[in-house]
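Each chain gets a letter, A, B and so on, in the order its sequence line appears, and its residues count up from 1. Side-chain atoms are counted along with the backbone in the values below, which use heavy atoms only and exclude waters and symmetry mates.
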Number of protein chains: 2
Amino acid sequence: MIKNNAASMISKIRDAANQVIVTELHKHGVDNIVPSHGDILTFLYQQDGLSVKELAHKIRRKQPTVTVLVDKLVKLGYVQRTKMEEDTRVTRVMLTEKGRQLEPVFREVSDKLNKTLYGGLDNTEQEQLEALLDRILRSF
Amino acid sequence: MIKNNAASMISKIRDAANQVIVTELHKHGVDNIVPSHGDILTFLYQQDGLSVKELAHKIRRKQPTVTVLVDKLVKLGYVQRTKMEEDTRVTRVMLTEKGRQLEPVFREVSDKLNKTLYGGLDNTEQEQLEALLDRILRSF
DNA sequence: TCTATATACATAGACATCTATGTATCATAG
DNA sequence: CTATGATACATAGATGTCTATGTATATAGA
């Protein structure tokens with residue numbers, strides 16, 4: 001019997017996942033960070049020196065939002081801004097040593113979250129889940 | 001092949017769903033309303049006169065957040081506050097006539113959203129989706 | 001009855017996020 | 001080469017959400 005409550009459940013899972021992220025980071029001594037900050041750092045671990053615009057696209061937030069998020073990461077000492085010499089309009093966001101040191105923490109938090117999300121499902125169900133979510137996402 | 005991107009996809013779907021809600025409400029001439037306001041009205045359609053505390057629990061927001069959300073709904077003329085006579089600490093939130101007139105709009109928006117979420121899935125897949133989401137939710 | 005604790009809501013301040021706009025730099029047409 | 005439009009980022013103001021705290025009312029114990 002279909003309950004048509006997927007929207008509600010997805011919203012609840014999103015909130016719960018964000019709370020896991022914040023709580024786990026806190027356990028590792030990382031505070032004053034929201035998931036969006038984590039998203040930025042995670043993309044920088046994959047490719048350091050991304051521009052504000054590129055980061056905005058990747059984390060799906062507007063550019064002014066990213067400017068503010070980066071302000072905070074700078075203040076916390078995790079990243080620094082440098083200008084691109086070919087085009088000084090562009091700001092590269094670069095990890096600091098302190099920022100790089102957080103990489104294993106983010107890996108652990110990510111693993112912990114995925115264990116919660118996927119842990120109760122067998123392989124077939126995990127594939128079903130991803131396939132269904134992917135199809136829903138494409139329907140928007 | 002599992003991609004471990006359920007968290008990301010769920011977050012994207014949540015954002016997209018919220019955007020559908022805001023956009024559809026706008027098409028029906030309802031503006032300055034966010035999904036949380038809609039959640040409050042939806043619960044009031046089921047049971048009018050809920051208290052601030054009850055609403056906070058139902059929409060999974062903190063009590064001060066609900067106070068502010070209700071402030072706005074009052075300002076927009078959709079609800080009004082009344083005190084409970086048995087316990088004057090308690091504020092009942094009651095729909096106004098203008099608020100009740102929105103009920104069919106919310107029903108349409110909800111239908112539209114569910115069509116987007118469920119429309120590309122057959123019956124079996126819809127049941128799979130809800131079952132998987134439900135199990136994930138319980139694992140938190 | 002009077003005082004202490006609990007409860008319900010409101011208020012204040014912080015912060016993430018948005019839209020709108022400003023500022024500086026780049027590219028290009030004349 | 002200069003002026004005009006485009007682009008990248010920052011700033012300002014609004015709003016939803018949170019935590020911390022205040023205020024008023026209810027309840028319970030002395």
Strictly below 4.0 Å: does A:Ser36 bring a side-chain N or O up to OP1 or OP2 of C:dT17? yes
Can you check the A:Asp87 CG to C:dT23 P distance for me, whole Å? 20 Å
Could you tell me whether the side chains of A:Tyr118 and A:Glu130 share a donor-acceptor contact shorter than 3.5 Å? yes
Working to the nearest 0.5 angstrom, can you tell me the gap between B:Leu25 CG and B:His28 NE2? 8.0 Å
Rounded distance (nearest 0.5 Å) linking atom CD1 of B:Ile13 with atom CG of B:Asn18: 12.0 Å
First and last nt of DNA chain D near chain B, cut-off under 4.0 Å to heavy atoms, 5' to 3', are D:dG16 to D:dA26
Within the 4.0 Å heavy-atom criterion, would you say B:Arg81 contacts the bases, only the backbone, or no part of the nucleic acid? sugar-phosphate
Nearest whole angstrom, please: distance from the P of C:dA14 to the NZ of A:Lys75. 12 Å
Tell me: CG of B:Asn32 to P of C:dC18, nearest whole Å? 17 Å
Could you list the residues that satisfy side-chain hydrogen bond (donor to acceptor under 3.5 Å, both in side chains) with A:Ser11, not counting sequence neighbours? B:Arg14
Within the 4.0 Å heavy-atom criterion, would you say B:Thr67 contacts the bases, only the backbone, or no part of the nucleic acid? base
Categorize A:Thr88 for me: base, sugar-phosphate, or nothing, with a 4.0 angstrom heavy-atom threshold over every strand shown. sugar-phosphate
Whichever of A:Val90 and A:Thr65 has the more 5' nearest nucleotide on DNA chain D, that residue is A:Val90
Has the side chain of B:Arg89 got a donor or acceptor atom sitting under 3.5 Å from an opposite partner on the base of C:dT7? yes
Using a cut-off of less than 4.0 Å, is there contact between a side-chain N or O of A:Lys72 and OP1 or OP2 of C:dC15? no
Rounded to whole angstrom units, what separation is found between the CG atom of B:Leu55 and the C1' atom of C:dA8? 13 Å
Measuring from the side chain of A:Pro64 (C-beta onward, heavy atoms only), which nucleotide among C:dC26, C:dT19, C:dA12 has the closest atom? C:dT19
Whole angstroms only, please: what is the CD1-P distance between A:Ile21 and C:dA16? 15 Å
With a 3.5 Å distance limit and no angle check, can you tell me whether B:Thr88 reaches the backbone of B:Met84 through a side-chain donor-acceptor pair? no
Atom NZ of B:Lys53 and atom P of C:dT7 are separated, to the nearest Å, by 7 Å
Using a heavy-atom cut-off of under 4.0 Å over every strand shown, decide if A:Val68 touches base, sugar-phosphate, or nothing. base
Could you go through the side-chain contact (heavy atoms from CB on, under 4.5 Å) check for B:Leu113 and B:Glu24 one step at a time? CA-CA 9 Å; B:Leu113 175 58; B:Glu24 289 298 312; over 6 Å; no
Do A:Gln128 and A:Thr124 get their side chains close enough for a donor-acceptor pair, meaning under 3.5 Å? no
Given atom CZ of B:Arg92 and atom P of C:dA8, what is their separation to the nearest angstrom? 14 Å
How many Å lie between CG on A:Asp71 and P on C:dA14, as a whole number? 17 Å
